[in-house]
Amino acid sequence: MKSKLLLFLLLVFQFGFAQDEEVKPRKYIEDPKPFYTKFEVSAPLRVNQYAGEIDPYTGEKEPWFLLDGITARAGIGTHLDKWIGVGMNIGIDWKANRCLVVVPVFGTFRLSPRITEEMRITSEVGYGRALSISGDKLSGNFKKISLGVEDEESGFGLYIELCQYGFSKITPERIGSFVIGLNYIVF
């Protein structure tokens with residue numbers, strides 16, 4: 001009797017807890033055009049050798065970093081679900097304290113996972129060639145690494161970057177910069 005009751009309860013519970021699951025359409029469908037265009041404007045910074053000291057003329061403390069020129073770059077590339085991308089870029093970099101104008105031409109590999117519904121965190125590495133157009137006829141390998149955040153709806157983002165031009169103007173160390181900038185990406 002006990003085994004028949006257990007079998008009956010098992011049979012009733014088997015049919016009693018069935019679910020009907022609604023199939024929802026994908027919120028993010030495949031992008032028919034897996035290409036992007038990117039524009040960047042940034043300001044290279046250099047360490048102030050008088051940081052923290054009091055300026056005798058203004059009476060204010062000297063800042064830690066000083067602006068050291070301007071950078072403008074543009075690029076095109078392809079992406080997979082806005083998450084992984086590769087691209088080609090060209091730009092013009094002006095380093096004020098070195099009296100140097102450089103044209104970097106480089107390829108990038110980009111990772112941009114979503115952290116919220118509207119925001120992505122982006123990391124990008126780049127490698128290519130840097131050519132000086134300021135009359136010095138310098139050239140070298142260009143390397144960069146950047147980290148930033150970007151709004152998925154508008155395409156605007158903020159990033160920090162370290163880059164190295166792979167050549168030297170006078171001293172043996174290679175010229176590089178620390179950059180803070182804004183980017184705009186169109187998918």
Check your understanding: Is the distance between the ring centroids of Y184 and F156 under 6.0 Å?
Key -> yes

Practice item. Might you point out which heavy atoms bring D68 and L45 nearest each other, and give the distance in Å? Key: CB-C, 4.4 Å

Review point. Would I54 and K61 satisfy side-chain contact (heavy atoms from CB on, under 4.5 Å), going step by step from the backbone distance to the final call?
Key: CA-CA 4 Å; I54 304 289; K61 277 190 169 182; 3.7 Å; yes

Check your understanding: Using 4.0 Å as the upper bound for N to carboxylate O, is an ion pair formed by R120 and E152?
Key -> yes

Review point. Do V102 and W94 share a hydrophobic cluster, counting only Ile, Leu, Val, Met, Phe, Trp and Tyr and linking them when any side-chain heavy atoms are less than 4.5 Å apart?
Key: no

Review point. Is S42 close to Y159 at the side-chain level, that is, under 4.5 Å between some pair of heavy atoms?
Key: yes

**Study point:** Stepwise side-chain contact (heavy atoms from CB on, under 4.5 Å) test for Q164 and I175
**Key:** CA-CA 6 Å; Q164 184 183 56; I175 297 173; over 6 Å; no

Review point. Which heavy atom in L147 sits nearest to a heavy atom in S123, and how many Å separate them?
Key: CD1-CB, 4.2 Å

Practice item. Could you tell me which non-hydrogen atom of E161 sits nearest to which non-hydrogen atom of S146, and how far apart they are? Key: CB-CB, 3.8 Å

Check your understanding: Do L111 and I84 have side-chain heavy atoms sitting under 4.5 Å apart?
Key -> yes

Review point. Around atom CZ of R174, are there more than 12 heavy atoms of other residues, nucleotides or ligands at under 6.0 Å?
Key: no

Point to revise | Within-4.5 Å side-chain heavy-atom neighbours: D93 and R73 | key: yes

Review point. So do I121 and P113 actually touch side chain to side chain, heavy atoms under 4.5 Å?
Key: yes

